Asks: 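The structure follows.
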2 protein chains.
Amino acid sequence: MFLGTHEHSIDEKGRLAIPARFRAELAGGMVVTRGFDRCLLIFPLPFWSDLTRRVSALSLTDEDARMLRRLLFANASEQEMDRQGRILLPQSLREGGGLADQAVLVGLDTFIEVWAPDRWREVEERLASQGPRFDEQMRKLGI
Amino acid sequence: MFLGTHEHSIDEKGRLAIPARFRAELAGGMVVTRGFDRCLLIFPLPFWSDLTRRVSALSLTDEDARMLRRLLFANASEQEMDRQGRILLPQSLREGGGLADQAVLVGLDTFIEVWAPDRWREVEERLASQGPRFDEQMRKLGI
DNA sequence: CCACTTTTCCCCACTTTTCCCCACCTGCCG
DNA sequence: CGGCAGGTGGGGAAAAGTGGGGAAAAGTGG
């Protein structure tokens, strides 16, 4: 269960520290790839396998499905932590996420999002202002 | 079953004592997150898991679902009590709840609300003065 | 095919923060 | 008045985060 936001630095070698609370769940390996809102996604390997199975089952002829495949797989990178609990973010991914020397890791229960700090603050503001919009959604889910 | 209001201090390290009456039910762990009226919520872990299962099952590609996920999980924090029955409130949550050095814990049967004392007094006043307004709502609920 | 250069990446060490535990204080109950 | 339980504060040990050095591997040119 990944929870909370954690701001960490990315050092000159492109390494990003994983918050200690998240490490146990990623010990079995992870995949880093590009997300949907110019952020990066970190999936534990089991979650990733499940995701890829469903995406690979999609039609080859559907344009949206092809684009989804490219987004997910073309920039994906399997990573393991070094003994200090860090991973190396390949340059292509850092560019894709607009990341420089700081990153915000956001735990979303089953996976993690990685944001450039200023971009994440924008998302937070949108969340604060759009709060009421979610009431209905949550009611639908019975929450 | 959480009942009653309890005012406790938050010390310089951001620690909040859980009322002794509440501890047994939170021994298995808890999740602290932001509520809806600038208060914090404390859920026992089983209650939380039940709450989040449906959200985590939502689609990754749906924008509204992604925002809902962020709203719910980004400011949440899993906590356990120390031997003195206290939990640590991360700074982001203290800010989110407008909390300084005092907090009011309000037991609401299945979960707990945490309020800044002055804000809680406002709520109490509204309860006292607006009591009659709830008649119709309660009739709807069949109470 | 060999040697040199460059990059990758692993590990060590320092600094800061976290958090755990001990001890004290206060108020309630017997 | 003494004992106990709940609440509060502070000190110390352990862990987390960060930066840097060195060895191995990969890439490049002679």
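Quick caveat, the model's predicted, so the values are computed rather than measured. Below, chain A is the first sequence line, B the second, and so on; all start at residue 1.
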Asks: B/Arg23 near the nucleic acid: base, sugar-phosphate alone, or nothing, with a heavy-atom cut-off under 4.0 Å?
Replies: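 If one applies the 4.0 Å heavy-atom cut-off, B/Arg23 turns out to touch the sugar-phosphate alone, with no base involved.
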Asks: Heavy-atom count check: over 12 atoms from other residues, nucleotides or ligands less than 6.0 Å from B/Phe36 CZ?
Replies: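 Open: at most 12 neighbouring heavy atoms sit under 6.0 Å from CZ of B/Phe36.
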Asks: Please report, rounded to the nearest Å, how far the P atom of C/dT8 is from the CD atom of A/Glu80.
Replies: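 Interatomic distance, CD of A/Glu80 to P of C/dT8: 18 Å.
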Asks: In whole Å, what is the span from the CD atom of B/Glu7 to the P atom of D/dG7?
Replies: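 It works out to 13 Å between those atoms.
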Asks: From CZ of B/Phe22 over to P of D/dG6, roughly how many Å is that when rounded to an integer?
Replies: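 My rounded result for the distance is 14 Å.
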Asks: Short of 4.0 Å, heavy atom to strand atom, which residues of residues 81-91 of chain A count as contacting DNA chain D?
Replies: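 A/Gln84, A/Arg86 - these, ordered by number, are the residues of the stretch whose heavy atoms sit under 4.0 Å from the strand.
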Asks: According to the interplanar angle, ranging from 0 to 90°, do the rings of A/Trp115 and A/Trp120 count as parallel (below 30°), tilted (30 to 60°) or perpendicular (above 60°)?
Replies: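 Taking A/Trp120 first and then A/Trp115, their aromatic rings sit tilted (interplane angle of 30° to 60°).
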Asks: Looking at CG of A/Asn75 and CZ of A/Arg34, how far apart are the two atoms once the value is rounded to the nearest 0.5 Å?
Replies: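 Reported value, rounded in 0.5 Å steps: 5.0 Å.
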Asks: Of all the heavy-atom pairs spanning A/Val114 and A/Ala103, show the shortest one and how long it is.
Replies: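 Heavy atoms of A/Val114 and A/Ala103 come nearest at CG1-CB, 3.9 Å.
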Asks: Charged N to carboxylate O under 4.0 angstrom, A/Asp50 versus A/Arg53?
Replies: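 So A/Asp50 pairs with A/Arg53 through a salt bridge.
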Asks: Restricting to non-hydrogen atoms, name the atom on A/Leu99 and the atom on A/Ala116 that form the minimum distance, rounded to 0.1 Å.
Replies: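 Result for this residue pair: CD2-N, 3.4 Å.
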Asks: Please work out whether the ring planes of B/Phe22 and B/His6 are parallel, tilted or perpendicular, with thresholds of 30° and 60°.
Replies: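 Geometry flag for B/His6 against B/Phe22: perpendicular rings.
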Asks: Which label fits A/Trp48 and A/Phe43: parallel for a plane angle under 30°, tilted from 30 to 60°, or perpendicular past 60°?
Replies: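 A/Trp48 vs A/Phe43 ring planes: tilted.
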Asks: Calculate the interatomic distance between A/Leu16 atom CG and D/dG19 atom C1'; express it in whole Å.
Replies: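 Spelled out: CG on A/Leu16 to C1' on D/dG19 is 15 Å.
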Asks: For the pair A/Arg119 (side chain) and A/Cys39 (backbone), establish whether a donor and an acceptor sit closer than 3.5 Å, ignoring hydrogens and angles.
Replies: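 Pair absent, no side-chain N/O of A/Arg119 close to backbone of A/Cys39.
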Asks: Considering residues, nucleotides and ligands other than B/Arg21, do more than 12 of their heavy atoms fall under 6.0 Å from its CZ?
Replies: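 For B/Arg21, atom CZ is not crowded (no more than 12 foreign heavy atoms under 6.0 Å).
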Asks: Which residues within residues 8-15 of chain A lie with some heavy atom under 4.0 Å of an atom in DNA chain D?
Replies: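 Only A/His8, A/Ser9, A/Asp11, A/Lys13, A/Arg15 qualify.
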Asks: Dot-bracket notation for DNA chain C is requested: 5' to 3', Watson-Crick or G-U wobble pairs only, both distances under 3.5 Å, with ( ), [ ], | and . as defined.
Replies: ||||||||||||||||||||||||||||||
Asks: Tell me whether B/Glu124 at atom CD has more than 12 heavy atoms from other residues, nucleotides or ligands lying less than 6.0 Å away.
Replies: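 Yes, because the 6.0 Å sphere around CD of B/Glu124 holds more than 12 heavy atoms from other groups.
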